[in-house]
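Here is the structure we will look at, set down as structure tokens.
All chains are named by letter (A, B, ...) in the order of the sequence lines, taking the proteins before the strands, and each is independently numbered beginning at 1.
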Number of protein chains: 2
Amino acid sequence: MAEPAREQKPKWRRRAESRPDEILDAALTIFERDGFDAARVEDIAKEAKLSKAGVYLYFDAKDAILRGLIEREVAPIARNLRAMAEAGVSDPKGALRMIIAGLTELAGDRRKFAVPRLVLSVASRYPDLAAFYRENVVDQGLGAAEMLVKAGVEQGVFRPCEPGVAARSLLGPIFIHGFYTHFLLGDRGPLEPAARIEAHTDILLNGLAARG
Amino acid sequence: MAEPAREQKPKWRRRAESRPDEILDAALTIFERDGFDAARVEDIAKEAKLSKAGVYLYFDAKDAILRGLIEREVAPIARNLRAMAEAGVSDPKGALRMIIAGLTELAGDRRKFAVPRLVLSVASRYPDLAAFYRENVVDQGLGAAEMLVKAGVEQGVFRPCEPGVAARSLLGPIFIHGFYTHFLLGDRGPLEPAARIEAHTDILLNGLAARG
DNA sequence: CAACAATAACTTACTCGTCAGTCATATACT
DNA sequence: AGTATATGACTGACGAGTAAGTTATTGTTG
């Protein structure tokens, strides 16, 4: 009758290596759904399949999880943009096209795109987090675009302009479009990256182009 | 010795007319500082100089206060943009210049600019609020720009393009710049509206312009 | 124009649920 | 045996919203 004590599987496993990433995965899911404040650490824990106390073995506090997400999800992308810019100074127009295309694709990824929104919404209460994000993400990305605009102007490909302003003009719309589509529309609006990339890039590069 | 009961002033006054506005003023101050979730209704009440229960005489719930702020602070601006666009179809370029200038000035107003950030951060939990904002603010503003681009294309002032994309390219950078300046930089970055307006408008309108 | 009733505007004090973070204890691994 | 990894149960504080009572104001009546 009674099953003999057969192969009772352990109540939990040691997974010290993989836990941080699992927690970040879970946190992103929950944060994306609820926002930072309304998200419960307990829900993140459940999603990551461990206990709440378990989460605190790997992250000191709730906001440390968000910092972890910045590090893992978006900082590498920004650094990559920077690298692309450095590699592309000889062809500013082409490099800018690539950067815009890359960012537009990113803007289609609702999960990744949730991170900037989270940072923005808590920035006033976590100034350190805001500074970290600014240095590692925003300034990298804007810097990349700025560098290319400057190079283009020097090479006579673009007409003279304020590189800082031009950089914002190039990248701003992509973010606004992402915010609008993912977080205000819900699901209703389709995001047609290819068409948008073309249209936006055309307008902007044409606007920057030196008159032939 | 003891002061006789002289002219004891009332413990409070009836101000049914002015209360809602006073509460909204206070709420904006507190929301801007703390964000929606971390803001306490009690703090809003104190700032507005009445009791917490008093606030609930005028607003059903915390999110109703935010809706009130949308109505009072930003919806009128969006409607105004729309009106400017309708009045300006005969001169799309000039009207767009005016719209960009107006929005850029708005982007310098940290108080007003806090509202979009608040909405964005709670949109996923308050879909009705998000819809209200979208219909009364975003769609009005984008619609205005779109209308003018379309008119410009038809009149041959602008070369053919997707009006929706162009509208975002025109307005997106302004918002991104506002978010960045007010909420990520703290206070460090100066906002030089005049110069920015010129530079941004130049790039974009030049990009849209029909080739002579 | 007092006195007083009726009501609108307001407050104090509370309830009730929530949740970040901790502590004592247990289990898996080496 | 010893330790790293995990858990369940707890604490302590907090905060949205409410109930019941209080005060200012308005109107009414003799």
Polar side chain donor-acceptor pair, A:D139 to A:Y133, under 3.5 angstrom | no
Between A:T181 and A:R110, a side-chain donor and acceptor under 3.5 Å | no
Hey, which sits more toward the 5' end of DNA chain D by its nearest nucleotide, B:A39 or A:E17?
-> A:E17
Using heavy atoms to find the nearest nucleotide of DNA chain D for B:A38 and B:W12 separately, return the residue whose nucleotide is more 5′.
-> B:A38
A:D63 CG to C:dG21 C1': how many Å, rounded?
-> 12 Å
A:I30 has an atom CD1; how far is it from atom P of C:dC19, in whole Å?
-> 12 Å
Nearest-nucleotide check on DNA chain C, B:V55 vs A:F36; residue mapping nearer the 5' end is B:V55
Kindly compute the distance separating NZ (A:K49) from CZ (A:R15), expressed to the nearest 0.5 Å.
-> 8.5 Å
Among D:dT23, D:dA16, C:dA9, which nucleotide sits nearest the side chain of B:K11?
-> D:dT23
Under 4.0 Å between any heavy atoms, over every strand shown, what does A:R14 touch: base, sugar-phosphate, or nothing? Just pick one.
-> base
Below 3.5 Å, does any donor atom in the side chain of A:K52 face an acceptor in the base of D:dG8, or the other way round?
-> no
Under the 3.5 Å rule, do the base of C:dG21 and the side chain of A:K62 count as making a donor-acceptor pair?
-> no
Could you give the side-chain donor-acceptor pairs of residues 140-152 of chain A under 3.5 Å, partners two or more places apart or in another chain?
none

Nearest to side-chain heavy atoms of B:L57, which nucleotide of C:dA9, D:dT23, D:dG8 = C:dA9
Spacing between B:I23 atom CD1 and C:dT11 atom C1', to the nearest angstrom | 14 Å
Quick one: does NZ or CZ of B:R67 land under 6.0 Å from the six-membered ring centre of B:F132, within 45 degrees of the ring axis?
-> yes
Under 4.0 Å between a side-chain N/O of A:R15 and OP1 or OP2 of C:dA28, yes or no?
-> no
Roughly how many Å is it from OH in A:Y56 to C1' in D:dT11, rounded to a whole number?
-> 14 Å
Find the distance A:R40:CZ to C:dG17:P and express it as a whole number of Å.
-> 14 Å
Measure the distance from NZ on A:K46 to P on D:dT7 and round it to the nearest whole Å.
-> 13 Å
Between D:dT22 (P) and B:R13 (CZ): distance, integer Å | 22 Å
In whole Å, what is the span from the CG atom of A:L50 to the P atom of C:dT27?
-> 18 Å
Side-chain N or O of A:Y58 closer than 4.0 Å to phosphate OP1/OP2 of D:dA6 | yes
Within the structure shown, what part of the strands sits under 4.0 Å from B:A53 by heavy-atom distance: base, sugar-phosphate, or nothing?
-> base
